[in-house]
Amino acid sequence: MTSRRPIIIDTDPGHDDAFALLLAFASPLELEVLGITTVAGNVPLDKTTNNALRLRDLAAAPGVPVYRGCERPLVNRLVTAEYVHGESGLDGPDLPPPVGGVEKAHAVDYLVETLRSAAEPVTVCILGPMTNVAMAIIKAPDITESVAEFVIMGGSFHAGGNITPTAEFNIFVDPHAAHVVFESGVPTTVMPLDVTHQAQATPSRIAPLRSLGTAVGTAVTEMLQFVERFDVAHGFEGFPLHDPTVIAYLIDPSMFELRRGRVRVALESGLVHGMTVADWIMRDGASPNAAVALQIDADRYFGLIAERFAAF
Ligand code: RIB
Ligand code: CA
């Protein structure tokens, strides 16, 4: 049996964040979810936090603490995505109000204190704008020694942008935070649009979820029915399941093909703002700062999700 990897999930739920949280909660043999930190992104912080609490209830994981994080990016004004995720950020299913509440500590302080006191290095999964993690690094640079790995959903290298022609949403919302994280020196793995666009939730791939007949199966099916509208209207065959790639990578990295390179974020204003660029050849003496996933076995990916969601 593999040892359980301690993880913290930083998230802006968000329909695909919901799938990622459920997949993590459904994988206790591989992952120990120490805590959830919420950030403004898909929708404002109050709503991402309320959604994280409601998803904790859906997964019946009351013991996992939730911490509210940053309300806005480091520099830019907040840009949200209600046009994809709806006003609540989790439109579709009728999830009840949360039973429990958030912890008193701010997410940034939780990250700093938990990483400093951890018995072993902790993997930090980043599923939204990287504001919380960047703030923690700025406040306490020493914590980079206590992070086993950053596993990030974000960026795009050969797939174009999804909020501008060049930028992926998580990076675009807070490119300055992304720069801080990519320059932190922490071992980093990136799940960009290049792989998530290969993992579109087509009707055949989600049929097993639809047939679960459970509260989780019904909720996630209703989530997909709502959230696919935007992407299907733009030529996709289904909603690209972005965030769960981060969790799937931790459970079974063999379903991905990765390439190491030097990842940089364009901070210039204008057309390239928030664009991610990977230097694969590094002729200027640069060293790689990330492993970037460029291929995914989508059938194994959806098979894992269906197998684990059946356990709820
Ligand atoms: O670009 C996709 C990413 O932006 C996903 O994490 C989605 O939840 C949104 O946060
Ligand atoms: Ca997200």
| message | Treating Y301 as the side-chain partner and T245 as the backbone partner, does any N or O pair qualify as donor plus acceptor under 3.5 Å? | response | yes
- Message: Counting C-beta onward and ignoring hydrogens, is there a side-chain heavy-atom pair between I206 and T221 closer than 4.5 Å?
- Response: no
When you compare the side chain of V292 with that of P192, does any pair of heavy atoms fall below 4.5 Å? yes
Side-chain donor-acceptor pairs under 3.5 Å in residues 207-216, sequence neighbours left out?
| residue | atom | partner | partner atom | Å |
| --- | --- | --- | --- | --- |
| S211 | OG | A207 | O | 3.3 |
| S211 | OG | P208 | O | 3.0 |
| T214 | OG1 | G217 | N | 2.9 |

Closest non-hydrogen atoms of A199 and A298, given as atom of the first, atom of the second and distance, are CA-CB, 4.5 Å
Requested in this report: Check for a donor-acceptor pair, side chain of T276 on one end and backbone N or O of S156 on the other, with a separation under 3.5 Å.
Outcome: yes
Subject >> L115 with L250, same ILVMFWY side-chain cluster at under 4.5 Å >> reply: no
*Side-chain contact, heavy-atom cut-off 4.5 Å: T196 with M153?*
yes
For the residue pair N76 and H273, confirm or rule out a side-chain donor-acceptor distance under 3.5 Å.
yes
Problem - N/O donor-acceptor pair under 3.5 Å between E32 side chain and P6 backbone - result: no
Do any side-chain atoms of residues 95-108 form donor-acceptor pairs under 3.5 angstrom with protein atoms, and if so which ones, sequence neighbours left out?
| residue | atom | partner | partner atom | Å |
| --- | --- | --- | --- | --- |
| H106 | ND1 | V108 | N | 3.0 |
| H106 | NE2 | G69 | O | 3.3 |

Begin with the C-alpha distance, continue with both residues' side-chain angles, and end with the deciding distance and a verdict on salt bridge (Lys or Arg N to Asp or Glu O under 4.0 Å) for R262 and E183. CA-CA 10 Å; R262 183 76 189 188; E183 296 305 317; 2.7 Å; yes
Per side chain to side chain donor-acceptor pair (under 3.5 Å), D12 is matched among N132, N42, T49, T131 by N42
| message | Is it true that T189 and E149 share a donor-acceptor pair across their side chains at a distance under 3.5 Å? | response | yes
Residues 232-244 vs salt bridge (Lys or Arg N to Asp or Glu O under 4.0 Å), sequence neighbours excluded, gives none
Do the non-hydrogen side-chain atoms of F150 and M130 ever get within less than 4.5 Å of each other?
no
Nearest heavy-atom approach of P244 to D16 is CD-O, 3.5 Å
Residue pairs meeting salt bridge (Lys or Arg N to Asp or Glu O under 4.0 Å), one or both in residues 61-77, sequence neighbours left out, come to D46-R68, R68-E71
Applying side chain to side chain donor-acceptor pair (under 3.5 Å) to S146 and not counting sequence neighbours gives none
ask   = Going through the checks in order, is the side chain to side chain contact (heavy atoms under 4.5 Å, CB included) test met by I171 and V173?
value = CA-CA 6 Å; I171 308 297; V173 169; over 6 Å; no
In terms of heavy-atom contacts, S27 and L23 come closest through OG-O, 2.7 Å
* L34 and I9, any side-chain heavy atoms less than 4.5 Å apart -> no
By side chain to side chain donor-acceptor pair (under 3.5 Å), S254 pairs with (sequence neighbours left out) D252, R300
Taken in chain and number order and not counting sequence neighbours, the residues that satisfy side chain to side chain contact (heavy atoms under 4.5 Å, CB included) with E82 are V43, P44, T80, E87
task = For the residue pair I163 and E168, establish whether any side-chain heavy-atom pair is separated by less than 4.5 Å.
result = no
- Indicate, with yes or no, if F157 and I152 share a hydrophobic cluster defined by side-chain heavy-atom contacts under 4.5 Å among Ile, Leu, Val, Met, Phe, Trp and Tyr. yes
Evaluate salt bridge (Lys or Arg N to Asp or Glu O under 4.0 Å) for E30 paired with R308, printing each intermediate quantity in order.
CA-CA 12 Å; E30 295 93 346; R308 298 293 165 98; 2.9 Å; yes
Margin query: If hydrophobic clusters are built by linking Ile, Leu, Val, Met, Phe, Trp and Tyr wherever their side-chain heavy atoms come under 4.5 Å apart, do V124 and V246 end up in the same one?
Written below: no
Cut-off 3.5 Å, side chains only: do D10 and T37 have a donor facing an acceptor? yes
Residue pairs meeting ring pair (Phe, Tyr, Trp, His ring centres under 6.0 Å), one or both in residues 174-206, sequence neighbours left out, come to H197-F236
Hydrophobic clusters here meaning ILVMFWY residues chained together by side-chain heavy-atom distances under 4.5 Å, can you tell me if F169 and L74 are in one? no
Ring pair (Phe, Tyr, Trp, His ring centres under 6.0 Å) pairs touching residues 44-99, sequence neighbours excluded, are H15-H85, Y67-Y110, Y83-F230
Residues pairing under ring pair (Phe, Tyr, Trp, His ring centres under 6.0 Å) where one sits in residues 25-57, two or more places apart or in two chains, turn out to be none
For R229, the side chain to side chain contact (heavy atoms under 4.5 Å, CB included) test, sequence neighbours excluded, returns F226
Across all chains, not counting sequence neighbours, the salt bridge (charged side-chain N to carboxylate O under 4.0 Å, His left out) partners of E222 are none
Exercise: do T48 and N51 side chains pair donor with acceptor under 3.5 Å = no
query: With hydrophobic residues grouped by side-chain heavy-atom distances under 4.5 Å, do L294 and V263 end up in a single group?
result: yes
Value for OG (S184) from CD (E145), rounded to nearest 0.5 Å, stands at 10.0 Å
